[in-house]
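To start, the structure under review is shown below, and the notes come after it.
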Amino acid sequence: MEEIKNIIESLLLVAGEPLTIDHINDILTQAGKKEIRNALSELSKEYEARKGGFFLREVAGGYQIRTRPEYREWIKRLIQPKALRLSKAALETLAIIAYKQPIIRNDIEHVRGVNCGGILRMLLERRLIRVLGKKEIPGRPLIYATTKQFLEVFDLKDLKDLPTPEEIETLGEASSEHMG
Amino acid sequence: MTHDEHYKVQIDDIFEGPMDLLVHLIKKHEVDIYDIPIALITEQYLGYLDWMKAMNIDVAGEFLVMASTLTQIKSRMLLPAHENENEDEDPRLEIIRPLEEYLRIKSAAEKLAQRDLLGEDTFVRNPGLEDYLLNREEAVIDVGLFELIDAFQKILENITSIGRLEINANTITVRDRIVQIVDIFETKGSVTFNELFSKNADKSEVVVTFLAILEMVRLSLIRVAQHTQTGIIRLFYL
């Protein structure tokens, strides 16, 4: 058990993307998924007890070691990310897609009452959204959905993990499927 | 110096749309969205449109569509209820439903923004840096367009008591003013909104400065943010 935990920890340290339990299982064939899950929760507890510079986050269907938000200012002195910062308009467009996906452009624009072609292009470029296909209606408009990258950036386990402002329940129904 | 009368500030895409203007007015007048005083809101809405046009801000077609919807609702409200035989539905529902939905999305967007964002609040050991590095093309406005307009209107009120806007022919152009403002930013990094408007400036100068600020936001040269406690609007050079 102790060794399995250490192996997983070493994998987490090196992996760039969130590691899924399946992926860990492919590498660590001698351990069962249950064991892996236990080891992950053990690790997470250790990090919480230690209250160090990082913690274990469950994001986009996998697990990832991330720095604690408390230390953001220090990290920024190191790598100066010119940040993700999205405008209000872009965030709202992204929220519409996240909560109502799969959705076509017309329906997105209907909610904000304003053209959003430029914003969609930018969100696509940043891989926060993707094109799922074309809707079989006149004009065959593109269908948009959020990406795994969206979940990673917004620290979400999956789409069910989207924040639920009191009034928003009715919007969440169509958006519970997992993203590939 | 030539006056650039064709200099139009585009607000499409980056700034807010007609729904935001409605929300802004509803908040400003603290009215219940289920009981909107439609005459007041319509009048105010049209006032903003006129004002934006007078300022040479290129108002998107969507603003005009909303204006006509509001006007229609207003006139339907004036009809006696019994003449409307088939349905007694409140004509305002036409605007209440989209407003409700928009407010929901707005609150969802705010909640999303408050999360521990990767590349902003939390970081991974081997960050795919290109994913969140150095992307400047997106303008950031923490302060909305309509809040800016309100702040600007206050400045206008302070410098003159004459009601009408007239843009003087022999003043500095928007482009030149942008260059000047960039110079200020090069030395100071950030300034408050009010600092950019000198006390003894005449009206056209003030208007040009305002248009220059809008244009700079659009070009992603600056970011506009408002201090939550003091309410002071500050501009940051990016």
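Each chain gets a letter, A, B and so on, in the order its sequence line appears, and its residues count up from 1. Note that this is a predicted model, so its numbers are computed, not measured. Because only heavy atoms are used, hydrogens play no part in the values below, and waters and symmetry mates are left out as well, while side chains stay in.
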Do other residues, nucleotides or ligands put more than 12 heavy atoms under 6.0 Å from [X] [atom1]?
| X | atom1 | value |
| --- | --- | --- |
| K27(B) | NZ | no |
| Q180(B) | CD | yes |
| K135(A) | NZ | no |

Original post:
So which heavy atom on F154(A) is nearest to which on L117(B), and how close?
Top reply: CD2-CD2, 3.4 Å

Original post:
Using a cut-off of under 4.5 Å for heavy-atom pairs, which of H110(A), R68(A), R66(A) has the most such pairs with chain B?
Top reply: R66(A)

Original post:
Quick one: what part of Q64(A) sits under 4.5 Å from any heavy atom of chain B, side chain, backbone, both or neither?
Top reply: side chain

**OP:** Answer with side chain, backbone, both or neither: which region of F55(A) has an atom nearer than 4.5 Å to a non-hydrogen atom of chain B?
**Re:** side chain

[X] side, atom [atom1]; [Y] side, atom [atom2] - distance, nearest 0.5 Å:
| X | Y | atom1 | atom2 | answer |
| --- | --- | --- | --- | --- |
| L162(A) | R115(B) | CG | CZ | 8.0 Å |
| L145(B) | K88(A) | CG | NZ | 10.0 Å |
| I105(B) | L91(A) | CD1 | CG | 11.5 Å |

Original post:
Are the charged groups of K76(A) and E120(B) less than 4.0 angstrom apart, N to O?
Top reply: yes

**OP:** Would you check if R125(B) and I65(A) make a side-chain contact, meaning some heavy-atom pair closer than 4.5 Å?
**Re:** no

**OP:** List in chain and number order the residues that pass salt bridge (Lys or Arg N to Asp or Glu O under 4.0 Å) with E94(B), two or more places apart in sequence or in another chain; answer none if no residue qualifies.
**Re:** R76(B)

Subject >> Expected output: side-chain T67(A) to main-chain T122(B) donor-acceptor under 3.5 Å >> reply: no

Original post:
Is it true that a side-chain atom of E62(B) and a backbone atom of N115(A) form a donor plus acceptor pair closer than 3.5 Å?
Top reply: yes

**OP:** Might you work through the side chain to side chain contact (heavy atoms under 4.5 Å, CB included) test for E92(A) and M19(B), ending with a clear yes or no?
**Re:** CA-CA 12 Å; E92(A) 284 170 18; M19(B) 292 297 279; over 6 Å; no

Original post:
Considering residues at least two apart in sequence or located in another chain, which fulfil the side-chain contact (heavy atoms from CB on, under 4.5 Å) criterion with K154(B)?
Top reply: none

